[in-house]
Amino acid sequence: MSDSANRYADSTYFFEHERLDCYRLAADVARWLAEHPLDDKHLRDQATRAAQSIVLNIAEGQGRTGRSRTYHFRIALGSAAELCAALDLVALDTSDQQTKLRRVGMMLRIMAK
């Protein structure tokens, strides 16, 4: 079981989004970003907003139905692409985080249909 899965293992109640792999991966990337702040202030701010947007829109979308659900998943997908691109611009080794974001993107594409 991954660290993010262990985070929820002790709870007897789950929100639906907490069970989603894409949510857990997105939260992992957001936490990684918080621990590895980017040097460029503007890029750091943009990347942080995108990371938070992914996590929050997955959670909100999972709690909705119909077009609103699809809308939130599409916003999360766009934010995942934005963050992946932002990580292309930094000197850190971000390949593991970008791989996670691509997995999140694949899942969100299916969920947003």
Where is the tightest heavy-atom contact between [X] and [Y], given as atom of each residue plus distance?
| X | Y | result |
| --- | --- | --- |
| Phe73 | Ala112 | CB-CB, 4.0 Å |
| Ser79 | Ile54 | CB-CG1, 3.6 Å |
| Cys22 | Val104 | O-CG2, 3.6 Å |

Same cluster (ILVMFWY, side-chain, under 4.5 Å), [X] and [Y]:
| X | Y | result |
| --- | --- | --- |
| Met106 | Ile75 | no |
| Trp32 | Leu25 | yes |
| Ile58 | Tyr71 | no |
| Leu101 | Met107 | yes |

Supply the atom-to-atom distance [X] [atom1] to [Y] [atom2], rounded to the nearest 0.5 angstrom.
| X | Y | atom1 | atom2 | value |
| --- | --- | --- | --- | --- |
| Thr94 | His36 | OG1 | NE2 | 11.0 Å |
| Asp21 | Arg103 | CG | CZ | 6.5 Å |
| Leu77 | Leu108 | CG | CG | 5.5 Å |
| Leu33 | Leu92 | CG | CG | 9.5 Å |
| Gln98 | Asp93 | CD | CG | 9.0 Å |
| Tyr23 | Leu56 | OH | CG | 7.5 Å |

Original post:
When you check the gap from the basic side-chain N to the acidic O, do Glu35 and Arg31 get nearer than 4.0 Å?
Top reply: no
Subject >> Under-4.0 Å salt bridge between Arg24 and Asp28 >> reply: no
Original post:
Under the 3.5 angstrom rule, does the side chain of Ser68 hit a backbone N or O of Arg64 as a donor-acceptor pair?
Top reply: no
**OP:** Taking Arg44 for its side chain and Pro37 for its backbone only, find out whether a donor-acceptor pair lies under 3.5 Å.
**Re:**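 Side chain of Arg44 to backbone of Pro37: no pair is present.
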Original post:
For Asp88, does the CG atom have more than 12 heavy-atom neighbours from other residues, nucleotides or ligands under 6.0 Å away?
Top reply: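 Check passes, neighbour count above 12.
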Original post:
Would Arg49 and Gln52 count as having a side-chain donor-acceptor pair, cut-off 3.5 Å?
Top reply: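 Side chains of Arg49 and Gln52: no pair found under 3.5 Å.
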**OP:** Indicate whether any N or O donor in one side chain lies under 3.5 Å from an N or O acceptor in the other, for Gln62 and Arg69.
**Re:** yes
Original post:
Quick one: which of His17, Arg74, His72 gives a side chain to side chain contact (heavy atoms under 4.5 Å, CB included) with Asn57?
Top reply: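 For Asn57, the side chain to side chain contact (heavy atoms under 4.5 Å, CB included) test succeeds with only one of His17, Arg74, His72, which is His72.
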Original post:
Which hydrophobic side chains are connected to Ile110, either touching it within the sub-4.5 Å cutoff or through other members that do?
Top reply: none
